[in-house]
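Quick note: residue numbers are just sequence positions, from 1. Note that the structure is a prediction, hence the values are computed from the model and not measured.
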Amino acid sequence: MTGTSPIKEHADDVNEVHDLATFADPGHNVVTPVAQFDPEVALAVVSTLANIVTRAKSSAVATTPDADGITRSQVFEEGDVYMIEKPFDGFFADRYLMDFYDVTQRDLCSRMHLHTGLRFVRMMTGPDTRIRVGSLSPFAITDVPGVTQFTLRAFTDELPDTPEGVVRTRYNLVVPPCSFVDMQVPRGVSHQFNAIGPHAVIDSVHPEESVEVFREQMSGYRMMAQTVFLADELHSADACTDLGDVEA
C-alpha cells in the first residue's frame with residue numbers, strides 16, 4: 001500500500017472491493033477537534049454549505065462534463081458531492097463539499113473504504129446531528145492543552161457482516177453536534193463516515209488529485225473511481241447508529 005504504486009486493480013472501476021481479511025492499513029487517520037458553536041451559528045454554516053451542493057445537483061453546468069472532462073456535481077455513498085474548486089495546470093489539488101445523507105432516513109450505512117490519494121476533511125455538524133467515523137486502525141486524536149476546548153469520544157466494536165471466519169475490530173469516534181473536527185487521511189488508510197441527523201457537511205481537500213489520477217492511470221476525476229471498498233454491500237443503519245454507552 002505504501003510508495004507510489006497503484007492501489008486499484010482496475011483504474012476506472014467505481015465499485016472495486018478489496019479483500020477485507022488480508023487488508024492492513026499502512027498508517028493511521030489523525031483527527032483534530034477544532035471548534036464548537038452555538039446551535040444557530042452551526043446550523044447557519046452547515047445549511048449554507050449544504051445548499052451549495054443542492055443547487056449544484058440542479059445545475060446544467062455542474063452536472064455536465066466541462067472542457068477538462070470534470071463533472072463537478074457527483075454522488076457518493078455518504079452523500080451528494082460538489083467539486084467547488086477543481087485542479088488545473090500548476091495546481092493539482094481540488095476541494096469538495098459533501099452534504100451527508102442521514103443514515104436513519106435511508107436505513108443504510110456507508111461502507112468502509114480507502115482512497116488512492118490522501119485527503120484532508122473538515123467534518124461539520126449542526127444541531128441534533130452527529131457523525132460516527134470508523135477505521136480499521138486506531139485514530140490518532142490530537143489536542144493542545146489550553147487551545148483545544150472539547151474532546152472526542154472513541155470506542156471499538158466488531159465490523160459487521162464480515163466473511164465467515166473473519167473478525168475485524170472497528171475503531172470509532174463521534175463528532176458531537178455543532179462541532180468542527182478535522183481529519184487527515186493518508187493514502188490507502190481505511191475510513192467510514194456516517195451521519196446520524198439532518199445537518200452534516202464535509203469540506204474535503206484532495207491535495208494530489210491530478211497526481212493520483214495519473215498514478216492510477218484513471219481516465220478522469222471521479223471520486224468513486226478513486227475509492228476502494230472493503231465490503232461488497234452497504235449495511236443497514238443499525239450497523240452505524242450505535243454511538244457507544246455514553247451520550248456524545
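In this structure a side-chain-to-backbone donor-acceptor pair under 3.5 Å is missing from Ser47 to Ala44. Judged purely by atom type and a 3.5 angstrom limit, Arg111 uses its side chain to pair as donor or acceptor with the backbone of Asp232. Between the side chain of Lys8 and the main chain of Ala225, a donor-acceptor pair closer than 3.5 Å is present. Within the 3.5 Å criterion, the main-chain N or O of Val41 finds no donor-acceptor partner in the side chain of Asp38. Judged by distance alone, the side chain of Asp102 and the main-chain N or O of Gly197 form a donor-acceptor pair under 3.5 Å. Using a distance-only test at 3.5 Å, with no hydrogens or angles considered, no donor-acceptor pair links the side chain of Gln74 to the main chain of Asp80. With Arg119 contributing its side chain and Gly117 its backbone, the two residues share a donor-acceptor pair below 3.5 Å. Between the side chain of Glu216 and the main chain of Ile7, a donor-acceptor pair closer than 3.5 Å is present. Side-chain atoms of Ser135 come within 3.5 Å of backbone N or O of Ser190 as a donor-acceptor pair. Looking only at distances, no side-chain donor or acceptor of Asp99 sits under 3.5 Å from a matching main-chain atom of Leu97.
Between Glu212 and Arg187, none of the side-chain N atoms (NZ, or NE/NH1/NH2) sits under 4.0 Å from a carboxylate O, so this pair counts as no salt bridge. Ionic pairing of Arg132 and Asp242 is not present here: no N-O contact between side-chain nitrogen and carboxylate oxygen is shorter than 4.0 angstrom. Under a 4.0 Å N-O distance rule, the pair Asp94/Lys86 does not qualify as a salt bridge.
The environment of CG in Asn15 is crowded: more than 12 heavy-atom neighbours from other residues, nucleotides or ligands sit within 6.0 Å.
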As a quick check of understanding, evaluate side-chain contact (heavy atoms from CB on, under 4.5 Å) for Phe150 and Leu152, giving each step before the final call.
CA-CA 7 Å; Phe150 67 106; Leu152 301 175; 3.9 Å; yes
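If you check the side chains of Thr227 and His115, you find a donor sitting under 3.5 Å from an acceptor. The closest side-chain donor-acceptor pair between Thr22 and Asp19 falls under 3.5 angstrom. Side-chain contact annotation: Thr63 with Ser73, donor-acceptor N/O pair under 3.5 Å absent. In the model, Ser210 has a side-chain atom that pairs as donor or acceptor with a side-chain atom of Tyr221 under 3.5 Å. Counting only N and O atoms by type, the side chains of Asn194 and Arg130 include no donor and acceptor under 3.5 Å apart. Looking only at atom types and distance, the side chain of His235 has a donor-acceptor partner in the side chain of Asp161 under 3.5 Å away. Side-chain contact annotation: Ser219 with Asp12, donor-acceptor N/O pair under 3.5 Å present. Gln36 and Ser179 share a donor-acceptor pair across their side chains, judged by distance under 3.5 Å alone. With hydrogens and angles left out, the side-chain atoms of Thr148 and Asp143 include no donor and acceptor closer than 3.5 Å.
Here the side chains of Thr129 and Ile196 are not in contact, with every heavy-atom distance at 4.5 Å or above. Between Glu77 and Phe193 there is no side-chain heavy-atom pair separated by less than 4.5 Å. Taking the side chain as every heavy atom from C-beta outward, Asp182 and Phe120 approach each other to under 4.5 Å.
Residues Tyr96 and Glu209 come closest through the heavy atom pair OH-OE2, 3.5 Å. Across all their heavy atoms, Arg72 and Ile84 have their closest contact at NH1-O, 3.2 Å. In plain terms, the two heavy atoms of Glu16 and His18 that are nearest each other are OE2-NE2, 3.0 Å.
Between atom CD1 of residue Ile70 and atom OG1 of residue Thr64 there is a gap of 13.5 Å, rounded to the nearest 0.5 Å.
Residues His113 and Phe76 bring their aromatic ring centres within 6.0 Å. Phe155 has its ring centre no less than 6.0 Å from the ring centre of Tyr171.
Qualifying salt bridge (Lys or Arg N to Asp or Glu O under 4.0 Å) partners for Asp238, counting only residues two or more places apart in sequence or in other chains: none.
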